[in-house]
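A, B, ... follow the sequence lines: proteins, then strands. Residue 1 opens every chain.
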Amino acid sequence: MNKVVKNVEEALIGIQDGMTLMIGGFGLCGIPENSIAQLVKLNVRDLTCISNNAGVDDFGLGLLLQQKQIKKMISSYVGENAEFERQMLSGELIVDLIPQGSLAERCRAGGAGIPAFFTPAGYGTEVAEGKEVRVFNGKPHILEEALTADYAIVKAWKGDTEGNLVFKATARNFNPMMAMAGKITVAEVEELVPAGTLDPNFIHTPGIFVQRIFQGQKFEKRIEQRTTR
Amino acid sequence: MNKVVKNVEEALIGIQDGMTLMIGGFGLCGIPENSIAQLVKLNVRDLTCISNNAGVDDFGLGLLLQQKQIKKMISSYVGENAEFERQMLSGELIVDLIPQGSLAERCRAGGAGIPAFFTPAGYGTEVAEGKEVRVFNGKPHILEEALTADYAIVKAWKGDTEGNLVFKATARNFNPMMAMAGKITVAEVEELVPAGTLDPNFIHTPGIFVQRIFQGQKFEKRIEQRTTR
Amino acid sequence: MALDKTGIAKRIAQELQNGWYVNLGIGIPTLVANYIPEGIDVEFQSENGVLGMGQFPLEEEVDADLINAGKQTITVKKGASFFDSAMSFAMIRGQHVQLTVLGAMEVSQNGDIANWKIPGKMVKGMGGAMDLVASAENIIVAMMHSNKAGESKILKECTLPLTGVGCVKKVVTELAVMEIKDGAFHLIERAPGVSVEEIISKTEGKLIVPDQVPEMKI
Amino acid sequence: MALDKTGIAKRIAQELQNGWYVNLGIGIPTLVANYIPEGIDVEFQSENGVLGMGQFPLEEEVDADLINAGKQTITVKKGASFFDSAMSFAMIRGQHVQLTVLGAMEVSQNGDIANWKIPGKMVKGMGGAMDLVASAENIIVAMMHSNKAGESKILKECTLPLTGVGCVKKVVTELAVMEIKDGAFHLIERAPGVSVEEIISKTEGKLIVPDQVPEMKI
């Protein structure tokens with residue numbers, strides 16, 4: 001089943017003001033750079049973005065924040081971004097902070113048809129406010145609900161024409177779960193290969209989860225903390 | 001961290017009467033043949049076995065049933081085994097039948113520290129008896145709890161000395177989730193390789209889940225339904 | 001004339017839509033894969049962990065590690081993928097599979113289905129059927145209109161333990177195609193040469209019969 | 001004399017046991033990896049999706065796709081594996097990681113920890129900390145005994161929003177090693193040359209002091 005679209009313009013057709021988007025990546029690692037640039041160009045607004053981080057001031061989702069395209073962020077960690085902090089503290093931006101593991105699991109649950117699950121993370125903290133608490137094996141847990149999105153936008157290392165995806169190293173992070181949880185999932189890949197090229201034993205995201213795939217034009221792959229010995 | 005044990009005898013040390021075991025495989029595909037043979041030899045009894053199927057009369061878990069080593073089976077499909085049916089209908093064997101997807105997810109949940117989750121599978125059927133029902137998005141779901149085991153015994157294609165596992169084709173099935181859910185997880189592999197041989201991008205089960213690994217002496221790999229064109 | 005199993009499979013194959021991922025149950029449903037209409041591109045998922053199933057293998061291609069949910073040896077097409085059972089049912093439960101075709105022992109007029117257990121007799125288990133019927137947006141049941149004793153299996157209420165409630169959307173039997181909605185079977189097609197009267201007489205559940213009931217085109 | 005950050009890291013490294021999988025937080029905890037005792041084999045997990053972290057890369061080895069949870073470029077050792085965030089937190093939540101070491105702004109005598117938020121000021125988010133502290137069997141906190149204003153961070157009750165409740169088992173500061181149990185800090189070691197009186201004076205929470213408090217051996 002051919003999922004290939006020509007370019008990033010075609011890949012993001014249908015994204016509108018007010019939509020909920022999942023954006024893969026951890027920090028600046030494994031983010032869909034080409035699609036983010038296109039979202040800036042499209043200037044869609046009032047977005048709810050589900051993404052572990054919010055980029056830095058001038059890269060990643062920071063680019064959307066600069067243009068005030070984001071109404072609400074659902075994330076686990078949003079340091080490293082002064083504009084973000086300013087918008088949040090001033091009340092311009094709604095922020096829902098979620099434990100990282102709960103965020104990952106809530107995305108997976110959204111893709112897997114599991115509407116809610118219990119986790120110990122956040123019990124006794126403000127994350128638990130308004131959430132059901134239940135004790136299992138003597139330990140209190142809170143009920144967390146699934147997350148889904150109108151569009152999930154992910155970045156993979158290689159992808160084939162059927163939408164099968166393979167990620168490299170820690171650039172995998174949130175991409176596979178978000179790919180599962182989008183009503184429409186868009187994958188930008190560094191290398192687009194014909195079906196049959198990738199070993200079916202080693203597909204990270206089966207094509208069934210991907211509706212549109214394209215080869216990104218350019219990947220800057222900025223490094224946040226270049227640390228060497 | 002070296003997880004290698006010498007042989008199947010060493011791998012199954014500590015398994016005792018009355019324990020709960022998870023056994024990987026779907027039908028006869030991907031079952032830990034060498035370990036099952038050893039369980040027969042050990043003649044441990046009153047076992048609770050969590051396994052999608054119960055083998056056939058003279059292979060797979062059927063071998064344990066013949067010796068009446070199993071007190072309770074937790075499975076999704078147990079056809080293809082006359083001795084099983086006899087023991088179940090006569091009441092010698094306790095059988096807990098679970099929808100296949102719920103079984104898979106309950107094992108994963110057990111390994112992932114998720115004590116319970118909601119699923120639509122089984123709502124309105126006898127599977128739902130005694131279980132909490134809750135409506136999400138207008139659809140009724142039932143609450144299913146995690147499964148864990150004293151020992152999880154899985155079979156992989158390749159494994160390395162650190163316990164990293166790789167499965168082949170549909171022999172993967174329940175093995176990865178069960179590997180996650182065992183207090184002690186034993187992996188028998190067709191080929192044991194040094195750490196560093198397997199590509200870290202393409203590990204199905206990270207070694208953290210595996211306590212003991214060994215190369216199986218012999219794999220018969222019996223086929224249930226040889227179907228050709 | 002009533003359809004044979006192949007006919008039922010052929011009729012169901014007409015329901016396939018381009019771009020769909022499809023899960024086929026054991027028995028008649030498996031045959032559907034042989035009659036994919038021209039120009040329709042679908043992929044078959046099998047719940048034991050494969051997407052992109054191909055035809056059965058040649059003798060020399062048989063691989064014990066490559067089977068479908070019916071435990072039959074299979075092959076895969078280019079672009080296939082393998083995954084574990086949790087991922088497989090994530091696809092199913094998450095409604096990424098657009099169509100499920102499965103057999104049934106009984107179906108009721110509100111869409112209930114029973115296909116996994118005959119108390120005290122047959123206790124094979126539900127396998128993946130309960131997940132499939134609870135999740136799929138489109139469920140087509142392939143079955144015989146009556147049992148061997150001649151009793152209707154198209155019922156007001158199921159008598160056997162249920163597999164799922166209110167989930168079946170369409171039933172294709174050797175006699176008819178029926179949609180289920182608003183608590184009734186709606187007769188939409190009859191098998192070539194089969195009379196509406198015969199279908200009515202063999203259907204225990206509430207059957208809505210329109211003025212015109214076209215013959216199936218197989 | 002009070003320890004420096006390296007000293008704290010060295011002392012925590014003594015807690016490592018053979019065969020443990022360990023998650024190290026940002027800051028002082030990261031330094032622990034440099035002081036693994038002779039003969040102790042441990043593996044480091046980073047919650048962004050890697051097991052088997054090695055040392056920082058040489059300049060020519062730097063790979064933007066290979067970072068730790070602190071977003072630093074890293075390398076991996078033989079036998080490493082990469083996985084997605086759901087799998088990573090399955091390891092953590094499922095208690096497959098035997099030890100978590102992390103920093104804190106406050107710790108209370110019943111094991112509560114606050115390290116993610118200063119209302120109206122610092123709003124970076126909890127990242128993986130809430131999952132880690134809610135799950136790990138062994139949690140060691142590496143922190144300074146007091147804040148810059150000289151106020152104790154070893155408290156009766158935390159004043160900042162909590163990251164987790166009743167979860168911290170051990171605290172290592174520049175002055176002391178303390179175990180938390182039965183609603184109190186138990187002083188078990190003091191930094192070389194640091195007096196018990198100084199520790200008492202800088203600890204707001206309930207502190208149990210045994211007759212003998214040995215010096216740490218760094």
Side-chain angles (χ1 to χ4, degrees), chain A residues 1-5 22 104-117 146-149 152 156 158-167 176-185 187 189 192-213, chain C residues 16-23 36 39-54 61 63 65-68 74-100 128 130-137 139 164 167:
Chain A
M1 223 161 314
N2 193 337
K3 310 289 179 72
V4 179
V5 294
M22 285 183 181
E105 192 68 16
R106 288 174 70 179
C107 292
R108 178 186 179 275
I114 307 252
F117 60 89
L147 289 170
T148 56
K158 296 179 186 176
D160 73 14
T161 51
E162 300 260 324
N164 292 303
L165 304 180
V166 162
F167 304 92
M177 289 86 62
M178 289 184 171
M180 294 168 72
K183 286 192 199 97
I184 293 177
T185 291
V189 301
L192 184 60
V193 300
T197 312
L198 302 174
D199 185 337
N201 266 321
F202 300 110
I203 303 294
H204 294 133
T205 293
I208 193 171
F209 296 116
V210 175
Q211 280 67 49
R212 304 176 191 172
I213 189 168
Chain C
L16 298 175
Q17 291 185 21
N18 202 37
W20 273 6
Y21 291 92
V22 179
N23 183 293
I36 306 167
I40 296 290
D41 190 9
V42 295
E43 294 284 348
F44 294 105
Q45 198 253 18
S46 193
E47 64 267 27
N48 59 318
V50 53
L51 198 64
M53 261 191 298
E61 290 174 327
D63 180 349
D65 291 325
L66 181 47
I67 64 172
N68 64 17
I74 57 165
T75 62
V76 292
K77 301 194 304 177
K78 280 184 181 179
S81 56
F82 301 116
F83 34 83
D84 65 41
S85 302
M87 176 59 105
S88 184
F89 283 91
M91 292 175 189
I92 289 167
R93 219 187 293 101
Q95 304 193 324
H96 304 279
V97 174
Q98 278 80 22
L99 173 66
T100 287
M130 282 194 184
D131 307 273
L132 282 159
V133 301
S135 310
E137 300 234 34
I139 298 172
C167 52

J.: Calculate, to the nearest 0.5 Å, the distance between atoms CZ and CD1 belonging to Phe89(C) and Ile114(A) respectively.
T.: 12.0 Å
J.: Heavy-atom distance under 4.5 Å to chain A: side chain of Ala134(C), backbone, both or neither?
T.: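 Contact with chain A is absent: no heavy atom of Ala134(C) under 4.5 Å.
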J.: If I measure from the heavy atoms of chain C, does Asn164(A) come under 4.5 Å with its side chain, its backbone, both, or neither?
T.: side chain
J.: Less than 4.5 Å to any heavy atom of chain C: does that hold for the side chain of Ile208(A), its backbone, both, or neither?
T.: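 It is both, since atoms from each part get that close.
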J.: Name the member of Val97(C), Leu51(C), Asn18(C), Val42(C) that forms the most heavy-atom pairs with chain A at distances under 4.5 Å.
T.: Leu51(C)
J.: Under a 4.5 Å cut-off applied to non-hydrogen side-chain atoms, are Met91(C) and Tyr21(C) in contact?
T.: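 Answer no - side chains too far apart.
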J.: Please state whether the side chain, the backbone, both or neither of Gln95(C) comes within less than 4.5 Å of a heavy atom of chain A.
T.: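 No part of it gets close to chain A.
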J.: Go through Lys78(C) and Glu162(A) one step at a time and tell me if the side-chain contact (heavy atoms from CB on, under 4.5 Å) criterion holds.
T.: CA-CA 9 Å; Lys78(C) 280 184 181 179; Glu162(A) 300 260 324; over 6 Å; no
J.: With a 4.5 angstrom heavy-atom cut-off, could you sort out which part of Val50(C) is near chain A: side chain, backbone, both or neither?
T.: neither
J.: Would you say Phe44(C) and Ile74(C) make side-chain contact, with heavy atoms under 4.5 Å?
T.: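 Counting from C-beta outward, Phe44(C) and Ile74(C) never come under 4.5 Å.
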J.: Atom CD of Gln45(C) and atom NE2 of His96(C): how far apart are they, to the nearest 0.5 Å?
T.: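 That separation rounds to 11.0 Å.
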